[in-house]
2 protein chains.
Amino acid sequence: MARTTPQTHGEILAAAARRFAATGYRGTSLQDIATEVGCSKAAVLYHFANKEAILTELMAPAIEVLRSLDERIAEQPGPAAAQRVAAEGFVDLAVRFRSEIALLRGEFPELLQQPVFAHIQQISERLIDAFAGHSARASARITALVLLAGIAETCGQFADVPDQELSDALLALLLRALEQPAH
Amino acid sequence: MARTTPQTHGEILAAAARRFAATGYRGTSLQDIATEVGCSKAAVLYHFANKEAILTELMAPAIEVLRSLDERIAEQPGPAAAQRVAAEGFVDLAVRFRSEIALLRGEFPELLQQPVFAHIQQISERLIDAFAGHSARASARITALVLLAGIAETCGQFADVPDQELSDALLALLLRALEQPAH
DNA sequence: CACTGATCTGACCGATCGGTCAGCCTCTGA
DNA sequence: TCAGAGGCTGACCGATCGGTCAGATCAGTG
C-alpha cells in the first residue's frame, strides 16, 4: 500500500491511460485512477494539479505531432499535394498514437472545450479542408469528415493489428475514397 | 410557470432531444431538461420513470428500423447482395434519423451497456460483417468499421444538407470505398 | 540529534447527480 | 357540493464527483 518510490507520477499516467481507454475521460474518476495505482486519491492530486492536467500530459505528444502536420500541410503548393500530405500524415498520426486517441473515445466534443485542445478545433477544420481538396462541394466535405471522424473514432480498436498493416489499409481507403481535387 | 396542459410529455421529449444533441446524454441533467421545458425536475420524473426512459422513447423508432434492416440483410442470398442492402439501408437510416443519432454524440460505448441498446451491439457487428462482404481480411474489416463509425458519428452534423444530397454523397462514398466481396 | 522537504494519507468540503415523497392545486363528474 | 384523479411542486435523500487540507511518514543532511 505505502509507496515510497518517486515513480508514482508515471504510474498514475499509465493507470489513467488504461482507465480512460476503458471507460472514457468523464467516466473515470480520480478514485478509479488511485485504486488502479494502489494509492489514495489525494496522492494523485499531489502529482497532478487536477484531473485535466493528467489528460494534458497524456495527449501532449500527439497534439504536438498534429500541430506540425498542420504546418506541413499549409506549406504545400497545391490542393492535390496538400491532400496527399494530409492523408499520409493523418494516417501516420492515427496509427502511432492510436492508444492515446482511443482514450478520448468519442468525447471529442466536450473535451474540445478544454484548454488543452484549444487550437485543435481549427487544426481539424483545416485538415478536413485539405482532405476535401480545398473544395467547397458538399459531397467532398461530407466524405472528408466521415473519413476523418471514422479513423479517429476507430483506430484505437485495432490494437492487435500491426502498425504497417493498419497504416496500409487506412491509406488505401483514403486514396480510394477521397474525391480528387481539381488540378 | 404553472402548466395545466397534458402535452408536457411531448414537450419534455423535444426538450430532451435538444439538450442531448447539445451536450450529450451524460452531459445533460434532468434539471437541464426541466429548465428547458419550464417545469420542475419532479415533473419530468412524473412523466418518465427515469432518465433512461426518455432516451429509450427517443431512440425507439430508429432502433426498430435498424432491427428490420438487420433482418433484411440476413435474408440476402450472397455477400455482394448483403453488402449492397447494408450500404443502402444504413445510409437511409443514418440520413432519416440523423438527429436521433446525433444526440448519442459518441457516447455509444457507455450507452450500449444500457438495456435499450441491448441487442445493438450484435446487430452492428453483423452490419460490419455485411459491409466487409463477409470477408475476414483485416483491411476489409478496418474499412467497414471506419466507414460505419464515421457515418454514425458525423451524419448529425449535416442538419443543413438536404436528405437527398446527403444520401447520395454517403452512398457514393460507400460504393467507392468498400472492398468488393469475392463473387 | 534536530530539522527539512518530498511524498502520501484520511477526513472532509461544496456541488451536482438521479431519484423519492408528501402534499398542493385544478378540473371533472356524480 | 364534494370526492377523487391527474398534474405538478418544493424539499429532501444518498451517492458520487473534483478538489482541499492538516498532518503522518520517511530519507537525507548538518
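Below, chain A is the first sequence line, B the second, and so on; all start at residue 1.
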Engineer: How many whole angstroms separate atom CG of A:L55 from atom C1' of D:dG18?
Structural biologist: 15 Å
Engineer: Using OP1 and OP2 only, check whether a side-chain N or O of A:Y46 sits under 4.0 Å from C:dC8.
Structural biologist: no
Engineer: Mind calculating the distance between CG (A:L45) and P (D:dC17) to the nearest angstrom?
Structural biologist: 13 Å
Engineer: Please determine, by modelled atom types, if A:R137 and A:S139 share a side-chain donor-acceptor pair under 3.5 angstrom.
Structural biologist: yes
Engineer: Counting just side-chain N and O atoms, does B:S29 come under 4.0 Å of either OP1 or OP2 of C:dC17?
Structural biologist: yes
Engineer: When you measure from the centre of the six-membered ring of B:Y46, is the NZ or CZ of B:K41 closer than 6.0 Å and no more than 45° off the axis?
Structural biologist: no
Engineer: Could one point to a donor on the side chain of B:K41 or the base of C:dG19 with an acceptor on the other under 3.5 Å away?
Structural biologist: yes
Engineer: Would you say the side chain of B:L171 lies within less than 4.5 Å of the side chain of B:D92, judging by non-hydrogen atoms?
Structural biologist: no
Engineer: Choosing from C:dT9, C:dG19, C:dT20, which nucleotide comes nearest the side chain of B:A42?
Structural biologist: C:dT20
Engineer: Ignoring hydrogens and angles, state whether a donor on the side chain of B:T35 or B:D32 is under 3.5 Å from an acceptor on the partner side chain.
Structural biologist: no
Engineer: Side-chain N or O of B:H47 versus OP1/OP2 of D:dC8: is the shortest distance under 4.0 Å?
Structural biologist: yes
Engineer: So, is B:T8 close to the D:dG7 phosphate, meaning a side-chain N or O under 4.0 Å from OP1 or OP2?
Structural biologist: no
Engineer: Whole-Å distance between C:dT20 P and B:K51 NZ?
Structural biologist: 15 Å
Engineer: Measure OH/B:Y25 against P/C:dC17 and give the value in whole Å, please.
Structural biologist: 13 Å
Engineer: In whole angstrom, what separates A:Q7's CD from C:dC8's P?
Structural biologist: 10 Å
Engineer: Could you check whether the rings of B:H9 and B:H47 sit parallel, tilted or perpendicular, using 30° and 60° as the cut-offs?
Structural biologist: perpendicular
Engineer: Can you measure B:E52 atom CD to C:dC17 atom C1' for me and round it to whole angstrom units?
Structural biologist: 16 Å
Engineer: If the helix axis at each end comes from five base pairs, how far does the helix from C:dC1-D:dG30 to C:dA30-D:dT1 deviate from straight, to 10°?
Structural biologist: 30°
Engineer: Nearest whole angstrom, please: distance from the P of C:dT20 to the CG of B:L30.
Structural biologist: 11 Å
Engineer: Round to a whole Å and report the spacing from NE2 of A:H9 to P of C:dA6.
Structural biologist: 16 Å
Engineer: For B:N50 and for A:V44, find the nucleotide of DNA chain C with the closest heavy atom, then tell me which residue's nucleotide is more 5'.
Structural biologist: A:V44
Engineer: Given the rule in the salt bridge (charged side-chain N to carboxylate O under 4.0 Å, His left out) test, do B:R141 and B:D129 qualify, once you have shown the distances and angles that lead to the verdict?
Structural biologist: CA-CA 7 Å; B:R141 306 200 72 81; B:D129 193 49; 3.3 Å; yes
Engineer: Does the A:S135 side chain pair with the main chain of A:A140, one donor and one acceptor, at a distance under 3.5 Å?
Structural biologist: no
